[in-house]
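Reckoned from all heavy atoms, side chains included, excluding hydrogens, waters and symmetry mates.
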Amino acid sequence: MPDLKDDKRYANTLARGLSVLRVFRPTDNGLGNLEISERTGLPRSTVSRLTFTLCALGYLTHGRHHDKYRLGPSALALGNIAAAAFGFIETATPIMQKLANDTKTLIGVAIQDDGEMLMVKTWRPENSATIWLNVGYRMPVLKSSTGAAYLGALTDEERRKLVALLPGDQATECRSLSIKSQDHLLANGYMYLTGDDRFSASINALATPYRPSEFSEPVTFLSGAAADVLTVARMKESVGPKLAGAVEELRRITGQNYSVLLPV
């Protein structure tokens with residue numbers, strides 16, 4: 001984000017510290033300074049100072065001298081406070097759990113985080129052994145149904161801000177997918193990618209955006225499963241309309257009487 005980094009109000013040290021916290025994933029069994037340096041692109045000496053400070057403040061924990069870093073109690077407290085502030089998740093839970101059970105697919109909510117779509121909540125079908133996504137899973141914006149649905153709900157200004165986060169010059173591709181998604185969302189209420197347009201050939205997913213009153217930008221509700229379980233025909237005939245209907249029900253309950261694509 002060169003426009004921000006050149007702004008005198010931009011606190012670069014704070015941004016670097018937050019970038020350290022963002023690299024942790026649910027599947028990690030702790031990270032060392034070298035691993036954090038590789039994930040953030042920051043020099044190891046810088047990472048060492050940041051992890052020391054974050055440990056002192058409780059955002060990271062570091063049990064022994066050679067132990068790896070893990071998210072600490074301050075990070076957990078902040079996450080719980082943030083989650084509690086987003087009431088739409090609690091309201092959506094009975095609706096989305098029923099949808100997961102009815103469709104036998106994973107239902108989730110993803111947000112845009114640093115140019116990727118980040119899974120922040122999931123609802124699994126009851127009595128289901130394994131489903132392919134967990135909280136903390138990341139997806140590319142331009143190669144996922146989740147990202148496409150998110151793009152379709154953005155204003156021109158929101159899309160320009162997103163392009164600044166994406167690697168390389170992807171403005172044209174972003175604009176093209178945004179138009180395609182808008183058309184599909186307006187016609188069907190959901191969006192999906194197929195074939196080479198998606199980043200994983202083994203998984204099919206579809207998604208629809210929702211603008212919480214607590215957020216300044218959309219989130220995306222998605223339904224996903226293995227491609228042989230969630231076929232394109234099944235997405236069109238059953239799961240897609242059900243997902244769109246579930247999000248429309250949430251929109252009605254939360255008093256959002258406007259188009260899915262209309263910003264607050």
Do we see a donor-acceptor contact under 3.5 Å between the side chains of [X] and [Y]?
| X | Y | result |
| --- | --- | --- |
| T40 | S19 | no |
| R234 | N204 | no |
| S200 | S202 | yes |
| N134 | T122 | no |
| Y210 | T254 | yes |

Does the side chain of [Y] come within less than 4.5 Å of [X]'s, by heavy atoms?
| X | Y | value |
| --- | --- | --- |
| E116 | L165 | no |
| L206 | L222 | no |
| E126 | Q97 | yes |
| K68 | E35 | yes |
| I111 | T220 | no |
| N33 | E38 | no |
| L151 | L142 | yes |
| M117 | V141 | yes |

_Taking transitive links into account, so neighbours of neighbours count too, which hydrophobic residues share a cluster with L18 at under 4.5 Å side-chain distance?_
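For the cluster that includes L18, the remaining residues are L14, V20, L21, V23, F24, L31, I36, L42, V47, L50, L54, L57, Y59, L60, Y69, L71, L78.
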Where is the tightest heavy-atom contact between [X] and [Y], given as atom of each residue plus distance?
| X | Y | answer |
| --- | --- | --- |
| G152 | S181 | CA-OG, 3.5 Å |
| Q112 | G115 | OE1-N, 2.6 Å |
| A110 | M139 | CB-CE, 4.2 Å |
| Y150 | L154 | O-CG, 3.4 Å |
| L230 | G224 | CD2-CA, 3.9 Å |
| P218 | P209 | CB-CB, 4.4 Å |

Distance-only, no hydrogens or angles: does the [X] side chain make a donor-acceptor pair with backbone N or O of [Y] under 3.5 Å?
| X | Y | result |
| --- | --- | --- |
| T103 | L99 | yes |
| T231 | A227 | no |
| D113 | L118 | no |
| T51 | S48 | yes |

*Please lay out, stage by stage, how T105 and V229 fare under the test side chain to side chain contact (heavy atoms under 4.5 Å, CB included).*
CA-CA 9 Å; T105 66; V229 173; 5.6 Å; no
*Kindly determine whether K121 and W123 satisfy side chain to side chain contact (heavy atoms under 4.5 Å, CB included), including the steps that lead there.*
CA-CA 7 Å; K121 174 68 177 177; W123 295 272; 3.5 Å; yes
Does [X], at its [atom1] atom, have more than 12 non-hydrogen atoms belonging to other residues, nucleotides or ligands within less than 6.0 Å?
| X | atom1 | answer |
| --- | --- | --- |
| D196 | CG | no |
| E157 | CD | yes |
| K98 | NZ | no |

Once rounded to the nearest 0.5 Å, what's the spacing between atom [atom1] of [X] and atom [atom2] of [Y]?
| X | Y | atom1 | atom2 | result |
| --- | --- | --- | --- | --- |
| I107 | L243 | CD1 | CG | 6.0 Å |
| M119 | Y137 | CE | OH | 8.5 Å |
| Y192 | R198 | OH | CZ | 11.5 Å |
| L162 | C174 | CG | SG | 5.0 Å |
| M191 | L186 | CE | CG | 12.0 Å |

[X]/[Y] ion pair, N-O < 4.0 Å:
| X | Y | answer |
| --- | --- | --- |
| D28 | R25 | no |
| D102 | K242 | no |
| E158 | K161 | no |
| D114 | R138 | no |

*Please test T46 against R49 for side chain to side chain contact (heavy atoms under 4.5 Å, CB included), starting from the C-alpha separation and ending with a verdict.*
CA-CA 5 Å; T46 300; R49 292 194 299 271; 3.5 Å; yes
_Stepwise side chain to side chain contact (heavy atoms under 4.5 Å, CB included) test for T91 and I89_ = CA-CA 5 Å; T91 304; I89 293 290; over 6 Å; no
*Determine, using the 4.5 Å side-chain heavy-atom cutoff (strictly less than), whether I253 and V247 are members of one ILVMFWY cluster.*
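Yes, same cluster.
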*Going only through I, L, V, M, F, W and Y residues with side-chain contacts under 4.5 Å, is there a path from V135 to I203?*
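No, separate clusters.
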*With ring centroids as reference points, do Y190 and H184 lie under 6.0 angstrom apart?*
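Yes, ring centres under 6.0 Å apart.
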